Novice: 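Please see the structure below; I have some questions.
From a predicted model like this one, the values you see are computed outputs, not experimental measurements.
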Number of protein chains: 2
Amino acid sequence: MAKNADDMGSRLQRAALDLFREQGYDRTTAAGIAARAGVTERTFFRYFADKREVLFGGEAVLRSALLRAIAEAPEQLGPLDTLFRSFQSVGSLLENNRPFSVPRQEIISATPALQEREQAKLAALADALAVALKARGATELQSVLAARTGMAAFAMATVAWLEHPQPGLADRLDLILLELKTMFAAVSPADE
Amino acid sequence: MAKNADDMGSRLQRAALDLFREQGYDRTTAAGIAARAGVTERTFFRYFADKREVLFGGEAVLRSALLRAIAEAPEQLGPLDTLFRSFQSVGSLLENNRPFSVPRQEIISATPALQEREQAKLAALADALAVALKARGATELQSVLAARTGMAAFAMATVAWLEHPQPGLADRLDLILLELKTMFAAVSPADE
DNA sequence: GTCTATACACTGATAGAC
DNA sequence: GTCTATCAGTGTATAGAC
């Protein structure tokens with residue numbers, strides 16, 4: 001019944017998204033998702049480690065795109081400039097995914113269990129970016145600080161942009177970076 | 001058998017921490033925790049919404065302490081100065097909790113499911129702080145950006161300090177704030 | 001590699017203990 | 001009257017049989 005293994009993940013993902021939208025995440029069972037995709041519950045868990053994971057498959061693509069952008073950034077750029085340039089570079093990737101990302105984010109926003117997973121994914125992604133930044137010569141502290149801070153900003157920009165497409169993601173990122181720069185410039189030099 | 005209701009939460013918490021240390025989080029069942037505390041599994045779930053939550057009871061104390069510090073901060077301080085002063089003000093609170101926090105953090109670091117919960121708690125705490133910052137006159141964007149960024153820095157400082165008590169938490173926070181200020185000052189003014 | 005059995009997390013209801 | 005035990009059940013996730 002299955003066409004090929006590569007497709008099954010997508011089929012399950014689509015079935016899950018549909019069911020979550022129809023009846024909510026909690027009222028949807030893993031067996032129900034599997035049934036809609038024409039397979040058994042056991043097969044579902046062969047493709048996804050747990051029920052939440054079915055909505056977080058695309059993360060790997062985003063991560064590798066960001067890592068590549070960081071590696072290819074001009075040598076002389078600082079960690080934060082490198083990072084925000086990388087965020088800008090994946091804009092079109094995110095725009096192409098918008099039809100899937102919008103309903104997905106609605107479901108996540110309505111489901112605490114999925115918000116937890118999302119936060120964990122963002123933290124893991126930030127750690128991966130920190131490694132890439134460190135490889136460019138930044139210190140450990142700089143890398144982790146920039147990655148965590150930048151990832152928080154990136155997530156804020158993305159979520160807001162999914163809710164309201166205007167202004168665009170690039171403008172939102174610029175605005176956020178400028179706001180952060182301004183706020184940190186206002187910090188008292190010697191804190192106490 | 002139960003002394004009083006107020007104590008039961010702490011008893012279960014201690015029993016859980018002990019068992020997690022002895023056999024790990026995954027190999028410990030909710031029924032096992034309850035049994036060590038002298039009650040049934042059903043009682044465990046009356047005190048904690050789920051198994052993970054048993055390690056995150058103290059969050060409310062930290063939150064209210066931070067919110068109070070923000071509300072009492074001098075009017076003229078900017079969001080980030082307000083925030084980091086508040087972090088500094090809860091230092092002694094965290095030091096008193098160190099005997100509990102150190103083993104707790106070890107267990108969390110070894111358990112992905114608990115790391116997820118921790119990230120979620122940090123995000124929720126950041127949102128609460130953002131509301132408090134906004135009440136002091138900051139814009140929505142400033143409040144959320146400062147809170148998310150500051151919370152990431154606070155968490156980094158705390159985790160590192162739990163692993164190695166020296167340097168102290170206050171010094172770590174100062175160092176991080178300075179590093180952030182320096183990095184953002186180096187950001188190119190007009191980002192492309 | 002699929003299927004069956006099972007452990008464990010969690011929920012509701014009801015009745016009983018203090 | 002609040003807190004707890006007991007019971008019965010659903011759903012997630014794993015593992016061993018074959």
Side-chain angles (χ1 to χ4, degrees), chain A residues 1-13 15-57 107-108 110-118 120-121, chain B residues 1-57 107-108 110-121:
Chain A
M1 174 165 292
K3 296 181 65 173
N4 69 14
D6 224 26
D7 227 27
M8 183 59 73
S10 314
R11 279 173 54 194
L12 286 165
Q13 191 183 68
L17 191 64
D18 289 345
L19 286 171
F20 292 163
R21 285 213 281 176
E22 290 170 18
Q23 28 181 287
Y25 176 85
D26 293 321
R27 299 189 57 80
T28 301
T29 71
I33 298 167
R36 174 159 302 203
V39 295
T40 150
E41 178 187 6
R42 192 67 188 82
T43 300
F44 175 89
F45 285 108
R46 278 180 14 94
Y47 283 87
F48 301 100
D50 57 49
K51 185 181 160 190
R52 302 175 188 182
E53 200 65 16
V54 72
L55 281 186
F56 293 89
I107 295 162
I108 293 175
T111 312
L114 292 174
Q115 292 172 40
E116 280 194 34
R117 177 59 52 87
E118 184 174 45
K121 291 286 185 184
Chain B
M1 174 165 293
K3 299 180 62 174
N4 69 12
D6 227 25
D7 229 28
M8 183 61 74
S10 313
R11 278 173 52 195
L12 286 165
Q13 190 182 70
R14 257 191 302 273
L17 191 63
D18 290 345
L19 286 171
F20 292 162
R21 285 212 281 176
E22 291 170 17
Q23 28 180 295
Y25 176 85
D26 292 322
R27 298 190 58 81
T28 301
T29 70
I33 298 167
R36 176 161 299 204
V39 294
T40 75
E41 180 187 10
R42 194 67 187 79
T43 297
F44 176 89
F45 286 108
R46 248 194 301 282
Y47 282 86
F48 302 101
D50 56 51
K51 185 181 161 188
R52 302 175 189 182
E53 199 65 16
V54 72
L55 281 186
F56 294 88
I107 295 162
I108 293 175
T111 312
L114 293 174
Q115 292 172 38
E116 281 194 32
R117 176 58 50 87
E118 184 174 44
Q119 292 300 323
K121 291 285 186 187

Novice: Can you tell me if the side-chain N/O atoms of A/Thr40 get under 4.0 Å from OP1 or OP2 in C/dC3?
Specialist: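 Answer is no, no contact under 4.0 Å.
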Novice: I need the CZ-C1' distance between B/Phe45 and C/dA9, as an integer number of Å.
Specialist: 5 Å
Novice: Can you check the B/Met8 CE to C/dC18 C1' distance for me, whole Å?
Specialist: 13 Å
Novice: So, for B/Thr28 and B/Ile33, which heavy atoms are closest and what is the spacing to 0.1 Å?
Specialist: CG2-CG1, 3.7 Å
Novice: If you assign each of B/Asp50 and B/Arg46 to its closest nucleotide in DNA chain C, which residue comes earlier from the 5' end?
Specialist: B/Asp50
Novice: Using whole Å, what does the distance between atom P of nucleotide D/dG11 and atom NZ of B/Lys51 come to?
Specialist: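 Between P of D/dG11 and NZ of B/Lys51: 21 Å.
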Novice: Can you measure A/Phe44 atom CZ to C/dG1 atom C1' for me and round it to whole angstrom units?
Specialist: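 So the two atoms are 19 Å apart, to the nearest Å.
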Novice: Please list, chain by chain and in numerical order, all residues satisfying side-chain hydrogen bond (donor to acceptor under 3.5 Å, both in side chains) with A/Arg36, sequence neighbours excluded.
Specialist: A/Glu22
Novice: Round to a whole Å and report the spacing from CG of B/Leu114 to P of C/dA9.
Specialist: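 Checked: the CG to P distance equals 12 Å.
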Novice: For B/Leu19 and C/dC8, what is the distance between atoms CG and C1' respectively, to the nearest whole Å?
Specialist: 15 Å
Novice: Does the C/dG12 base have a donor-acceptor partner in the side chain of B/Arg42 within less than 3.5 Å?
Specialist: yes
Novice: Kindly compute the distance separating CD (A/Glu118) from CG (A/Leu55), expressed to the nearest 0.5 Å.
Specialist: 10.0 Å
Novice: Does A/Glu116 offer a backbone N or O that forms a donor-acceptor pair with the side chain of B/Gln119 under 3.5 Å?
Specialist: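 Pair absent, no side-chain N/O of B/Gln119 close to backbone of A/Glu116.
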Novice: Could you state the atom-to-atom distance from CZ of B/Arg27 to P of D/dA15 in whole Å?
Specialist: 11 Å
Novice: Using only side-chain N and O atoms of B/Tyr47, determine if any of them is under 4.0 Å from OP1 or OP2 of D/dC3.
Specialist: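 No.
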Novice: Which whole-number value in Å describes the distance from B/Glu41 CD to D/dC7 P?
Specialist: 14 Å
